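Remarks on the structure that follows.
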Amino acid sequence: MTKKKVVVGISGGVDSSVAAYLLKQQGYDVIGLFMINWHDTEGTLSGDCPWNDDLIFAELVARKLEIPFHTVDFSEQYRKRVVDYMFSEYEKGRTPNPDVLCNREVKFDLFLDAAMKMDADYIATGHYCMKEMITDENGKEIYRLMAGADKNKDQSYFLCQLSQKQLEKALFPIGHLQKPEVRQIADENGLATAQRKDSQGICFVGKVDLPVFLQQKLKSKEGAIVEIPDDLALYKTNEATQVDHEALKLLSTPYLYKAVDGVVVGKHNGAQFFTIGQRKGLNVGGKAKPLFVIATDTESNIIYVGQGDDHPGLNRKALFIKKDDIHWIRGDKAIQTGEVLHCQVRIRYRQPLQKATLYMFDEGMYIYFDKLQRGITPGQFAAWYVDEELMGSGVIQS
RNA sequence: UGACCUAUGGUGUAAUGGUAGCACAGCAGAUUUUGGUUCUGUUAGUCCAGGUUCGAAUCCUAGUAGGUCAA
């Protein structure tokens, strides 16, 4: 009877601590592995060494659980695969999601490889999501990525870019638990991390002042903030009587504003530092309703804003994902050109799932929502679910 | 240049002579393993100088600044 070997990514937080604990309870041969992915403290808010405390807590937990503990340094690859991507996306005026990439490229790639080299059967993380396995008619195993049982903490979204191969090796020991239960388990078992605050901000980098962080690489440059009235003639094209290919193209095309469409209400120091839907940081007051960014133009360095969260420029019913950017976790359920899929979609972390229909065409996929969606942002991931299962995802093109 | 109007936090605006309030912006905290959103709290103001009055953002006079009409 050989025990199955699992390498747990121990981060120094409660979730991964309890994940390791539970695996040990379940009789696995557990190894703790701590990742160091970031050394710089430039631009971080907390200042000194963000991961130093994490390492100490991770070690404490490993000792308490009496499991072997190691560290690995992926910082070079993390920079290449996550941080560089971040900068390049922001430079293009898009808004990336580094943490989705971090999972695909680091935790479930580099880390997975490292674990396999240690002869592990599985890797495990403290994500709030669940894995299920089914077999198709040929007896082939298919893995399903399910939302976490704690609807408030569900982190399946961050894993929306995983493949079957990655999922095959993954275990999510706390996915069936509620957050308070996790804390309670940690507490009852004397894990030092029981009361530690949940982590926030870009994982591994920490909580940063984004504009300051980005200014390490991206130049700031003064430009105009232009307010677009809510009755622009452009918006009349928003109506669609039926949902066909042409209508989907139209509905998912962002409005192309010009400076003359509105009035200058202020100035900013770089359009790349702002994202669609953003309210704070514009420094423009005196309006009856708050201003939201409805578009950024990094070419001419103009930020377009609209008044109120119901501004027609901020809300759209459809978005588009390029063919190459479509990723299916459930490849066996992928739809082909001409097919549609009724499902539920979220376009950002923690957004309640939205009823929508996927329409596949040769050039890519259109997602048509039942209701208007606020702040559809290029660069972010749209993830589609059927019931509790994450079926696939893609980078929003427009 | 003549007549008239206006002046309130950073911005836009409320307040029969009686506690200067609201919105937006800003700041802080909460929420959040992206960006962002949201929630809560909070800083900050009567153009200037006199006068009337128990009491002036409010009434009167002069000044300053901006605007409108007349030429």
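Protein chains get the first letters and strands the later ones, always in sequence-line order, with residue 1 at the start of each. What's counted below: heavy atoms across the whole structure, side chains too, no hydrogens, waters or symmetry copies. Predicted model only: the values in this text are computed from it and were never measured.
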| remark: Closest heavy-atom pair, A:A120 versus A:V7, reported as atoms and distance to 0.1 Å, is CB-CG2, 3.7 Å
| Given RNA chain B, 5'-ward residue of the pair A:Q278 and A:S199, judged by closest heavy atom | A:S199
| task | Using the C1' atoms only, state how far B:rA57 lies from B:rG9, rounded to an integer number of Å. | result | 14 Å
| task | Choose from B:rU33, B:rA25, B:rC24 the nucleotide whose nearest atom is closest to any side-chain atom of A:Q155. | result | B:rU33
| message | Base, sugar-phosphate or nothing for A:F381? Non-hydrogen atoms, less than 4.0 Å. | response | nothing
| said: Tell me which pairs pass ring-ring contact (aromatic ring centres under 6.0 Å, His included) where either residue lies in residues 290-313 of chain A, with sequence neighbours left out. | reply: A:Y235-A:H311, A:Y257-A:Y304
| Salt bridge check: are A:R104 and A:D99 linked by an N-O gap of less than 4.0 Å? | no
| field | Residue pairs involving residues 362-385 of chain A (criterion salt bridge (Lys or Arg N to Asp or Glu O under 4.0 Å); sequence neighbours excluded) | value | A:D309-A:R374
| query | Got a sec, which pairs hit salt bridge (Lys or Arg N to Asp or Glu O under 4.0 Å) with one end in residues 165-193 of chain A, sequence neighbours left out? | reply | A:D15-A:K179, A:K179-A:D198, A:R183-A:D198
| field | Qualifying salt bridge (Lys or Arg N to Asp or Glu O under 4.0 Å) pairs, either residue in residues 338-350 of chain A, two or more places apart | value | A:D154-A:R346
| task | Ignoring backbone atoms, test whether A:K280 places a side-chain nitrogen or oxygen under 4.0 Å from the OP1 or OP2 oxygen of B:rG36. | result | no
| said: Listing request: all ring-ring contact (aromatic ring centres under 6.0 Å, His included) pairs with a residue in residues 373-398 of chain A, at least two apart in sequence or in separate chains. | reply: A:W328-A:W384
| field | Base-paired stems that RNA chain B participates in, counting runs of 3 or more Watson-Crick or G-U pairs under 3.5 Å | value | B:1-7 with B:64-70, B:10-13 with B:21-24, B:26-30 with B:38-42, B:49-51 with B:59-61
| message | Does anything in residues 139-193 of chain A form a ring-ring contact (aromatic ring centres under 6.0 Å, His included)? List the pairs, not counting sequence neighbours. | response | A:F158-A:Y349
| query | According to the salt bridge (Lys or Arg N to Asp or Glu O under 4.0 Å) rule, which pairs have a member within residues 383-398 of chain A, sequence neighbours left out? | reply | A:R144-A:E389, A:K151-A:E388, A:R330-A:E389
| message | What's A:S11 touching, base or sugar-phosphate or nothing? Going by heavy atoms closer than 4.0 Å. | response | nothing
| note | With sequence neighbours left out, the residues meeting ring pair (Phe, Tyr, Trp, His ring centres under 6.0 Å) with A:F57 are none
| Which part of the nucleic acid, if any, lies within reach of A:G281 when heavy atoms closer than 4.0 Å are counted: base, sugar-phosphate only, or nothing? | sugar-phosphate
Pull out every protein N or O sitting under 3.5 Å from an N or O of nucleotides 41-47 of chain B, one pair per line with the distance.
none

| Should A:K197 be listed as having a side-chain N or O under 4.0 Å from OP1 or OP2 of B:rG29? | no
| note | So ring-ring contact (aromatic ring centres under 6.0 Å, His included) across residues 262-281 of chain A, not counting sequence neighbours, yields none
| task | Choose from B:rG26, B:rU38, B:rU34 the nucleotide whose nearest atom is closest to any side-chain atom of A:F292. | result | B:rU38
| remark: Note: contacts of residues 93-111 of chain A with RNA chain B (heavy atom, under 4.0 Å) are A:T95, A:P96, A:N97, A:P98, A:D99, A:K107
| query | Under the 3.5 Å rule, do the base of B:rG35 and the side chain of A:R348 count as making a donor-acceptor pair? | reply | yes
| request: Remember a base hit wins even if backbone is also touched, and classify A:Q380 as base, sugar-phosphate or nothing at under 4.0 Å, heavy atoms. | output: base
| field | Whole-Å C1' distance, B:rU40 and B:rU6 | value | 38 Å
| Quick one: which of B:rG26, B:rG35, B:rC24 gets closest to the side chain of A:K287? | B:rC24
| task | Report the nucleotide, chosen from B:rG26, B:rG35, B:rU37, that has the shortest atom-to-atom distance to any side-chain atom of A:R279. | result | B:rU37
